[in-house]
Amino acid sequence: METLLVVNGPNLNLLGTRQPEVYGTATLADVEAMCTDAASEFGTKVETFQSNHEGAILDRLHQRDFDAVVINPGALTHYSYALHDALAAVERPAVEVHISNVRSREEWRRRSVVA
């Protein structure tokens with residue numbers, strides 16, 4: 001069975017309470033459950049990880065015990081070349097996602113160094 005690692009970065013532990021007009025009312029647990037349910041339809045195991053610490057996210061990725069990763073890097077999106085390099089180094093398929101439409105928000109949110 002393939003394993004999909006779902007990584008959520010800084011402040012995503014506050015989903016459901018942080019700016020619900022931007023991020024909605026679903027909690028991180030709700031999002032993780034949606035991912036797990038969707039992946040189970042394809043026979044894929046989901047492991048979730050959230051941290052507010054860049055180094056912890058890098059360490060988790062370096063474990064390489066997954067087949068692919070879906071990552072919402074949060075604010076790390078805009079400045080973490082270390083995260084960009086870690087995703088390249090682990091040599092696994094990776095998809096960057098966001099809860100809000102970053103392209104329609106502040107100018108600085110429109111640039112991803114992770115992508």
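Because the structure is predicted, anything quoted here is derived from the model rather than measured. When a residue number appears, it is its place in the shown sequence, counting from 1.
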Asks: Give the minimum heavy-atom separation between E96 and P73, together with the two atoms involved.
Replies: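 Minimum heavy-atom separation between E96 and P73: CG-CD, 4.0 Å.
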Asks: Can you name the residues that form a side-chain hydrogen bond (donor to acceptor under 3.5 Å, both in side chains) with T27, not counting sequence neighbours?
Replies: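 D30.
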Asks: Are L12 and L76 connected, step by step, through hydrophobic side chains (Ile, Leu, Val, Met, Phe, Trp, Tyr) whose heavy atoms are closer than 4.5 Å?
Replies: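 As far as the 4.5 Å side-chain criterion goes, L76 and L12 are not connected within one cluster.
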Asks: Is H78 close to S112 at the side-chain level, that is, under 4.5 Å between some pair of heavy atoms?
Replies: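 S112 does not reach H78 side chain to side chain.
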Asks: So which residues get pulled into L14's cluster when ILVMFWY side chains under 4.5 Å apart are joined, directly or through others?
Replies: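 Joined to L14, directly or through intermediates: none.
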Asks: Following the transitive rule for hydrophobic clusters with a side-chain heavy-atom cut-off under 4.5 Å over Ile, Leu, Val, Met, Phe, Trp and Tyr, establish whether L61 and Y79 coincide in one cluster.
Replies: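 Yes, because L61 and Y79 connect within a single hydrophobic cluster, where side-chain heavy atoms sit under 4.5 Å apart.
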Asks: For residues 80-93, dump all side-chain donor-acceptor pairs below 3.5 Å to protein atoms at least two apart in sequence or in another chain.
Replies:
unit_1	atom_1	unit_2	atom_2	d
S80	OG	E54	OE2	2.3
S80	OG	L83	N	2.9
Y81	OH	R111	NH2	3.3
R92	NE	F66	O	2.8
R92	NH1	V90	O	2.8
R92	NH2	R64	O	2.9

Asks: Got a sec, which hydrophobics cluster with L4, joining ILVMFWY side chains under 4.5 Å apart, including via others?
Replies: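 For the cluster that includes L4, the remaining residues are V6, V46, V70, V95, V97.
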Asks: Can you list everything that forms a side-chain contact (heavy atoms from CB on, under 4.5 Å) with A33? Sequence neighbours excluded, please.
Replies: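 Result, side-chain contact (heavy atoms from CB on, under 4.5 Å) vs A33: none returned.
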Asks: Just so I know, are the side chains of K45 and S40 near enough to count as touching, which here means a heavy-atom distance under 4.5 Å?
Replies: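 Not in contact.
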Asks: Just to verify, what does D65 make a side-chain hydrogen bond (donor to acceptor under 3.5 Å, both in side chains) with, not counting sequence neighbours?
Replies: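 Partners of D65 by the side-chain hydrogen bond (donor to acceptor under 3.5 Å, both in side chains) criterion, ordered by chain and then number, come out as R60.
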Asks: Can any side-chain N or O of D67 pair as donor or acceptor with the backbone N or O of T3 at less than 3.5 Å?
Replies: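 Checking the backbone N and O of T3 against the side chain of D67, a donor-acceptor pair under 3.5 Å is found.
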Asks: Would you say that N72 contacts V7 through its side chain, given a criterion of any heavy-atom pair below 4.5 Å between the two side chains?
Replies: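 No - every pair of side-chain heavy atoms lies 4.5 Å or more apart.
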Asks: Return the set of residues passing side-chain contact (heavy atoms from CB on, under 4.5 Å) with E32 (not counting sequence neighbours), or none when no residue passes.
Replies: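 In terms of side-chain contact (heavy atoms from CB on, under 4.5 Å), with neighbours along the sequence ignored, E32 is linked to L28, T48.
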Asks: For F49 and I57: C-alpha separation, side-chain torsions, deciding distance, then whether side chain to side chain contact (heavy atoms under 4.5 Å, CB included) applies.
Replies: CA-CA 8 Å; F49 181 80; I57 293 170; 4.0 Å; yes
